[in-house]
Amino acid sequence: ETVNLKLSSPSNATLGAITDASLMIVDDDIPPVAPTAQFSSLNYNLDENGGAASISVILTASSSLTVTVNYATTSGTATAGKDYTTSNGTLTFAPGQTSQSFNVHVLPDTLDEPDELVNLTLSSPVNASLNALAQATLTIQDVDNPPVVRFSSNHYAADKQAGASTITATLSEASSFTVTVHYATSDGTAVAGKDYQSSNGALIFAPGQTSQNFSVPMLAAAFEQGNKTIKLALSTPGNATLGAPANAILLLAGDTTPPVLNFSSTNYTVNEHDGTATITVTLSTPSTVVNTVQYSTTNGTAVADEDYTASTGLLTFAPGETSQQFIIPITQDALDETDEVVNLTLSNPTNVQLDASANAILTILDDDEPPIVQFGAAIYTATVEANGGVVRIPVTLSAASGKPVTVNYTSSAGVNGATQENGALTFAPGETSQVISVQFLPTDLAQGQTVFILHLAEPVNAELGVASTTLAIEVALQDSLYLPFVANQN
């Protein structure tokens with residue numbers, strides 16, 4: 001460091017040539033050792049649902065200088081944009097600070113996979129040095145359950161034309177591990193070596209695969225006899241768990257065509273007040289084996305828990321039976337509404353086949369009377385100031401409706417001081433009240449009583465009750481501010 005020196009303003013002397021000089025103060029202190037910037041750990045851990053990992057960077061000693069160091073993430077076994085979000089930047093340590101941190105955001109998924117690594121790196125330190133701890137890793141710990149392996153169905157049918165039946169096993173979701181499961185056949189009513197050829201082994205699902213097949217060869221004799229069954233089983237899963245069904249049946253059909261199972265009608269009807277609807281399902285011909293089918297209801301225009309109770313279940317036809325029934329509870333209400341529809345579906349048949357009649361509809365017939373639309377009374381009275389006013393006449397429904405209700409209205413013509421009224425009122429579903437507003441003008445109003453008659457006509461989705469009303473108007477003498485009046489029921 002330097003100090004500037006200067007001579008000036010001599011007294012009893014003159015200045016010489018050298019009037020400016022400098023003094024250099026030479027530093028003799030030993031420079032401090034620069035601190036080391038490093039990660040606080042060689043490995044950080046966060047499960048994949050944890051959100052963000054906080055990564056701590058420390059200085060081995062405090063510094064009187066500002067220290068900076070760059071940080072960055074790179075993919076190890078984890079993939080940027082899929083398993084985590086890339087993070088990079090610069091950390092700044094103010095004089096005296098020894099710790100800073102940055103975040104690495106982890107992205108969740110549902111894939112069963114090994115724990116994955118993100119590389120963490122420090123670089124380009126200023127006023128500091130780096131050591132081996134300038135490299136670290138973030139371990140993203142997988143928390144997903146292994147997939148479930150199962151048969152794609154609990155019943156399969158043999159294809160005698162193909163000579164072998166294909167059986168499918170599936171995973172509930174893809175895995176990043178190789179998944180294995182063993183399969184085997186065993187006798188039901190069919191006999192190995194006579195009706196079919198035994199089959200066993202292991203299915204291997206490569207990472208990302210969710211479906212694998214194996215074959216069960218059929219022998220000619222199987223199709224010369226009645227229906228027979230082969231038992232199928234899965235066992236000993238690797239990197240997965242067994243789900244249902246882990247056991248299934250393969251049906252060897254005889255030469256006769258399997259019976260057809262369907263609804264007895266494509267359209268059923270039930271009155272709303274009946275309480276329940278009985279639905280019949282039939283087989284085209286008797287069978288020598290047990291037949292099953294699942295049934296279910298879904299909303300059409302009818303809504304479950306409002307118009308009916310949703311129903312699902314399994315119908316079982318014992319050998320020789322050709323008809324089964326199930327019940328759908330129907331909800332009674334007092335609302336006039338349109339007829340509503342429930343969708344009926346049959347699915348997952350065993351030992352039988354479905355045709356187009358596996359779908360049907362149930363129509364719930366509304367049996368509620370339409371509401372009555374009417375004036376609240378046959379006569380109303382109201383007072384109108386001499387400078388005019390509006391009188392509002394209520395029109396009501398006897399009950400809420402599920403349909404829009406409309407009604408036309410007209411007034412008697414030529415009444416002094418009243419504007420002739422005509423138009424239509426609309427009650428939205430659920431509304432029970434509307435108002436007709438009658439305007440009385442200040443011109444020609446005289447003291448006394450004026451009679452004004454309103455009529456209702458041509459109701460839609462309702463019936464007429466009190467269809468006419470008389471409005472008796474008293475005209476006040478005083479000339480006050482305009483106020484609206486509501487008619488009083490007389």
Side-chain angles (χ1 to χ4, degrees), residues 27 29-147 171 173-180 204-210 238-241:
D27 181 62
D29 297 309
I30 298 173
V33 176
T36 299
Q38 63 184 45
F39 289 108
S40 60
S41 174
L42 278 173
N43 195 293
Y44 300 85
N45 297 282
L46 185 71
D47 72 59
E48 64 182 1
N49 292 328
S54 180
I55 309 300
S56 178
V57 178
I58 61 173
L59 298 182
T60 55
S62 64
S63 173
S64 62
L65 303 175
T66 297
V67 174
T68 63
V69 66
N70 294 338
Y71 65 89
T73 59
T74 57
S75 295
T77 53
T79 302
K82 176 184 175 185
D83 303 307
Y84 73 99
T85 300
T86 299
S87 182
N88 57 74
T90 301
L91 297 177
T92 300
F93 298 79
Q97 277 191 318
T98 58
S99 178
Q100 287 284 15
S101 63
F102 63 92
N103 289 333
V104 179
H105 291 272
V106 173
L107 304 177
D109 59 37
T110 59
L111 191 68
D112 184 36
E113 57 191 351
D115 294 345
E116 297 173 310
L117 300 179
V118 180
N119 297 321
L120 310 173
T121 304
L122 299 178
S123 63
S124 304
V126 175
N127 296 323
S129 61
L130 298 176
N131 62 12
L133 283 173
Q135 306 285 331
T137 57
L138 168 62
T139 300
I140 303 174
Q141 298 168 325
D142 183 66
V143 295
D144 299 303
N145 293 322
L171 294 184
E173 58 251 340
S175 174
S176 65
F177 296 103
T178 297
V179 173
T180 60
I204 299 175
F205 299 77
Q209 284 187 318
T210 58
N239 292 324
T241 58

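What you see is a predicted model; the values in this text were computed from it and never measured. Just so you know, these numbers use all the heavy atoms, side chains as well, and skip hydrogens, waters and symmetry mates.
Residue D83 is tested with D109, V106, L107 for a side-chain contact (heavy atoms from CB on, under 4.5 Å); the sole match is D109. Partner of D112 under the side-chain contact (heavy atoms from CB on, under 4.5 Å) criterion, chosen from P207, S175, S176: S175.
One finds the CG atom of L117 at 4.0 Å from the OG1 atom of T77 (value rounded to the nearest 0.5 Å). In this structure, T74 OG1 and N88 CG are separated by 11.0 Å, a value rounded to the nearest 0.5 Å. Note: S40 OG to Q100 CD = 12.5 Å, rounded to the nearest 0.5 Å. One distance of note links OG1 of T178 with CD of Q209; it measures 9.0 Å at 0.5 Å rounding. Put simply, CD1 on I140 and CG on L46 are 7.5 Å apart, with the number rounded to the nearest 0.5 Å. To the nearest 0.5 Å, atoms CG (L122) and OG1 (T36) are separated by 11.5 Å.
Here the side chain of S75 pairs a donor or acceptor atom with the backbone of A80 at under 3.5 angstrom. Listed for the T98 side chain is no donor-acceptor partner under 3.5 Å among the backbone atoms of S62. Looking at T139, its side chain never comes within 3.5 Å of a backbone N or O of N45 through a donor-acceptor pair.
Closest non-hydrogen pair, S41 versus A136, comes out as O-CB, 3.5 Å. The minimum heavy-atom distance between L130 and S123, with the atom names listed, is CD1-CA, 3.9 Å. The two residues A134 and F39 have their closest heavy-atom pair at O-CE1, 3.3 Å. For the residue pair F177 and P114, the shortest heavy atom distance occurs at CZ-N, 3.3 Å. Smallest separation of non-hydrogen atoms from N103 and A52: CB-CB, 4.4 Å. Closest approach of P35 to V67, counting heavy atoms only: CG-CG2, 4.4 Å.
At least one side-chain heavy atom of T73 sits less than 4.5 Å from a side-chain heavy atom of L120. The side-chain heavy atoms of E48 and D142, taken from C-beta on, include a pair separated by under 4.5 Å. The shortest distance between side-chain heavy atoms of F93 and V57 falls below 4.5 Å. Residues T79 and E116 fail the side-chain proximity criterion, which asks for heavy atoms closer than 4.5 Å. No side-chain heavy atom of I58 sits under 4.5 Å from any side-chain heavy atom of L133.
For the residue pair S101 and S56, no side-chain donor N or O sits within less than 3.5 Å of a side-chain acceptor on the partner.
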Determine whether T92 and T66 satisfy the following criterion, side chain to side chain contact (heavy atoms under 4.5 Å, CB included), listing intermediate values before the conclusion.
CA-CA 7 Å; T92 300; T66 297; 3.8 Å; yes
Applying side chain to side chain contact (heavy atoms under 4.5 Å, CB included), run through E173 and T210 and close with a yes or a no.
CA-CA 6 Å; E173 58 251 340; T210 58; 5.9 Å; no
Evaluate T137 against N119 for side chain to side chain contact (heavy atoms under 4.5 Å, CB included), listing each step before the verdict.
CA-CA 5 Å; T137 57; N119 297 321; 4.0 Å; yes
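Relative orientation of the Y71 and F102 rings is parallel, given thresholds of 30° and 60° on the angle between their planes.
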